[in-house]
Engineer: 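Before anything else, here's the structure in question.
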Number of protein chains: 2
Amino acid sequence: MRILLVEDELDLAKALIAALARHDIVVDHVTTLALAEEAAHSGVHSAVILDRKLPDGDGLSLIPRLREIQEGLPIIVLSALGSPDHRVTGLETGADDYLAKPFLVDELLARIRAVMRRPVQMMESSVTVGRLKFDLHESAAMIDGEPLVLPRRELLALDLLVRRAGRVVNRSALEEAVYGFDDDIASNTLDAHISRLRRKLTPAGVEIHAIRGIGYLLRALP
Amino acid sequence: MRILLVEDELDLAKALIAALARHDIVVDHVTTLALAEEAAHSGVHSAVILDRKLPDGDGLSLIPRLREIQEGLPIIVLSALGSPDHRVTGLETGADDYLAKPFLVDELLARIRAVMRRPVQMMESSVTVGRLKFDLHESAAMIDGEPLVLPRRELLALDLLVRRAGRVVNRSALEEAVYGFDDDIASNTLDAHISRLRRKLTPAGVEIHAIRGIGYLLRALP
DNA sequence: ACCGCCGCAATGCAGGGGCAATGTTGGTCC
DNA sequence: GGACCAACATTGCCCCTGCATTGCGGCGGT
């Protein structure tokens with residue numbers, strides 16, 4: 001995962017880069033709005049962490065432009081101004097999440113993960129893999145235009161797999177998606193769900209490939 | 001996207017603004033026809049959501065003026081639980097779509113998107129599933145041309161189910177559609193309505209399929 | 001005053017999913 | 001290259017939760 005960090009406080013930036021690096025997140029760091037916009041055009045980032053107070057303006061002003069450049073790009077706003085009002089403004093302007101300084105790095109990590117998982121693109125978005133079409137809003141699966149009715153757990157798993165189609169989804173992320181945060185499962189039930197999903201999807205030209213020790217990968221069959 | 005909301009019920013307006021904000025839609029909110037007309041002159045809005053019952057008159061009277069100010073501006077009319085007569089009037093006066101209260105926020109969002117997507121063009125006015133024909137504006141059901149009289153709750157449920165025919169409607173959405181925002185039901189009454197609806201629709205080749213843990217799905221019987 | 005809608009609750013029913021047993025694959029170490 | 005182990009696959013079982021159905025009673029409308 002590669003993230004764009006827009007932050008002019010060098011100490012904080014350095015700490016964040018180090019912390020994110022420990023979680024295998026590559027960070028591109030810029031210090032101004034202008035540089036951020038330029039960097040965003042590369043289109044390689046999975047999310048943006050955006051400070052508000054910057055040398056050349058308020059980070060919020062960048063949000064619409066970022067959205068133009070890359071529809072649905074997750075944006076997390078950082079701010080020293082932590083009053084609730086500001087929080088609302090931040091979200092209304094189109095950020096996906098808002099974090100007041102000072103914050104725990106772990107919290108930021110959690111938000112990044114959450115925001116990545118979220119259905120970011122709001123305008124009718126659906127993903128097609130093989131003969132499977134999955135509507136991200138409705139969480140509805142179709143095969144050849146026929147709705148495919150799935151039980152809840154299988155649907156939750158498929159939802160995440162489809163969002164990351166072609167990329168590896170690690171096991172714990174799937175567990176979290178299927179069971180929620182609190183629920184605690186102590187067996188191979190997830191495997192069972194995957195197995196049943198697989199049986200339904202393989203005929204539609206969709207493969208769920210297991211990556212041993214890591215997770216699963218959904219892709220179209222050759 | 002920026003929308004003009006003309007609504008004098010402050011609670012509803014507040015809820016709508018918050019909901020739309022979550023989808024990156026900026027809302028300008030006014031409470032009277034006069035203020036609405038003034039706001040429309042700014043020309044920055046992509047659509048107008050217009051309540052009918054307003055302190056200074058019927059929202060419908062504003063439609064011609066809005067059309068003068070900005071040709072082709074999409075207009076969605078809201079109205080208190082509508083008698084069929086009102087629905088017709090709403091569309092005849094030139095609104096692009098018409099939504100009876102209580103409605104789902106999701107439904108409104110869908111209409112906004114739909115209305116934005118296509119240039120001014122009349123709405124699809126009826127949906128046919130199996131031998132059931134449902135008029136979306138009149139909220140009237142027909143089987144083989146014979147009008148099917150339904151009680152209010154069943155009609156509200158069917159209305160939503162038909163709009164999402166072939167797609168899953170989740171339970172809470174149905175509850176909201178049938179009971180409105182405030183009404184709080186603490187029993188399986190919805191199930192009862194569905195059951196009765198089902199009895200009336202199955203003979204007409206329409207199935208209401210339960211998706212356990214999620215909701216219902218209306219479709220034509222094979 | 002009657003009729004029909006609707007909220008409610010009791011009862012019956014079955015699909016879903018957690019679990020575990022067993023089979024299979026792939027990776028590693030000698 | 002073979003043997004061992006750990007991770008994944010598959011399947012059957014069984015309980016429980018959530019849905020279906022129906023009758024009852026109250027209330028509102030005509």
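Labels below follow one simple rule: chain letters A, B, ... track the order of the sequence lines, proteins then strands, and each chain is numbered from 1.
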Engineer: Which whole-number value in Å describes the distance from E175(A) CD to dC8(D) P?
Structural biologist: 10 Å
Engineer: Tell me, please, which residues at least two apart from R131(A) pass salt bridge (charged side-chain N to carboxylate O under 4.0 Å, His left out).
Structural biologist: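 D144(A).
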Engineer: So does E7(A) get a backbone contact from the side chain of H29(A), meaning a donor-acceptor N/O pair under 3.5 Å?
Structural biologist: yes
Engineer: Under 6.0 Å from the NZ atom of K133(A), do we count more than 12 heavy atoms belonging to anything else shown?
Structural biologist: no
Engineer: Round to the nearest Å and state the distance from R152(A) atom CZ to dG18(D) atom C1'.
Structural biologist: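 Distance check: R152(A) CZ to dG18(D) C1' gives 10 Å.
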Engineer: Between dA20(D), dG17(C), dA20(C), spot the one nearest the side chain of S187(A), thanks.
Structural biologist: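 Nearest to the side chain of S187(A) among the choices is dA20(C).
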Engineer: Angle between the two end axes of the helix from dA1(C)-dT30(D) to dC30(C)-dG1(D), five base pairs per end, rounded to 10 degrees?
Structural biologist: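 End-to-end axis angle: 40°.
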Engineer: Donor-acceptor pairs are to be reported for all side-chain atoms of residues 214-222 of chain B against protein atoms at under 3.5 Å, with residues two or more places apart or in another chain.
Structural biologist:
unit_1	atom_1	unit_2	atom_2	d
R219(B)	NE	E207(B)	OE1	2.9

Engineer: Examine distances only and state if a side-chain atom of D159(A) and a backbone atom of S139(A) form a donor-acceptor pair shorter than 3.5 Å.
Structural biologist: no
Engineer: Could you encode protein contacts along nucleotides 22-30 of chain C as a string, one character per nucleotide from 5' to 3', using B for base contact, S for sugar-phosphate-only contact and - for no contact, with a heavy-atom cut-off of under 4.0 Å?
Structural biologist: ---BBS---
Engineer: Quick one, which residues of residues 192-201 of chain A touch DNA chain C with a heavy atom under 4.0 Å?
Structural biologist: H193(A), R196(A)
Engineer: Mind calculating the distance between OH (Y179(A)) and C1' (dG18(C)) to the nearest angstrom?
Structural biologist: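 Distance, rounded to whole Å: 8 Å.
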Engineer: Answer yes or no: is there an ion pair linking D191(A) with R171(A), defined by an N-O contact shorter than 4.0 Å?
Structural biologist: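 Salt bridge present between D191(A) and R171(A).
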Engineer: Restricting both atoms to N or O, compile the protein contacts to nucleotides 25-30 of chain D shorter than 3.5 Å, with distance only.
Structural biologist:
none

Engineer: Mind listing the closest non-hydrogen atom pair of L160(A) and A173(A) along with its distance?
Structural biologist: CD2-O, 3.7 Å
Engineer: In whole angstrom, what separates I214(A)'s CD1 from dC8(D)'s P?
Structural biologist: 10 Å
Engineer: For P55(B) and T32(B), which heavy atoms make the closest approach, and how far apart are they?
Structural biologist: CG-CG2, 4.3 Å
Engineer: Measure the distance from CG on L158(A) to P on dG16(C) and round it to the nearest whole Å.
Structural biologist: 16 Å
Engineer: Mind checking whether L132(B) and V162(B) have side chains closer than 4.5 Å, heavy atoms only?
Structural biologist: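 Yes; the side chains approach each other to less than 4.5 Å.
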Engineer: What is the separation between atom CZ on R171(B) and atom C1' on dC19(D), rounded to the nearest whole Å?
Structural biologist: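 Going from R171(B) (CZ) to dC19(D) (C1'), I get 7 Å.
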Engineer: If I take atom CG in residue L190(B) and atom C1' in nucleotide dA9(C), what distance separates them, rounded to the nearest angstrom?
Structural biologist: 16 Å
Engineer: Tell me the closest heavy-atom pair linking L190(A) and Y179(A), and the distance in Å.
Structural biologist: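 Here L190(A) and Y179(A) meet closest at N-OH, 3.6 Å.
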Engineer: If you look at every heavy atom in P203(A) and R199(A), which pair is closest and at what distance?
Structural biologist: CD-O, 3.1 Å
Engineer: Where is the tightest heavy-atom contact between A141(B) and L158(B), given as atom of each residue plus distance?
Structural biologist: CB-CD2, 4.2 Å
Engineer: Can we say K53(B) and E9(B) salt-bridge, meaning some charged N sits less than 4.0 Å from an Asp/Glu carboxylate O?
Structural biologist: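 Salt bridge: no.
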Engineer: Sort out for me which residue in R198(B), K200(B), R196(B) forms a salt bridge (charged side-chain N to carboxylate O under 4.0 Å, His left out) with E154(B).
Structural biologist: K200(B)
Engineer: H209(B) has an atom NE2; how far is it from atom P of dA20(D), in whole Å?
Structural biologist: 9 Å
Engineer: Within less than 4.0 Å of OP1 or OP2 of dC8(D), is there a side-chain N or O belonging to Y216(A)?
Structural biologist: no
Engineer: From the list dA9(D), dG18(C), dC6(C), which nucleotide is the closest neighbour of the side chain of D191(A)?
Structural biologist: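 It is dA9(D).
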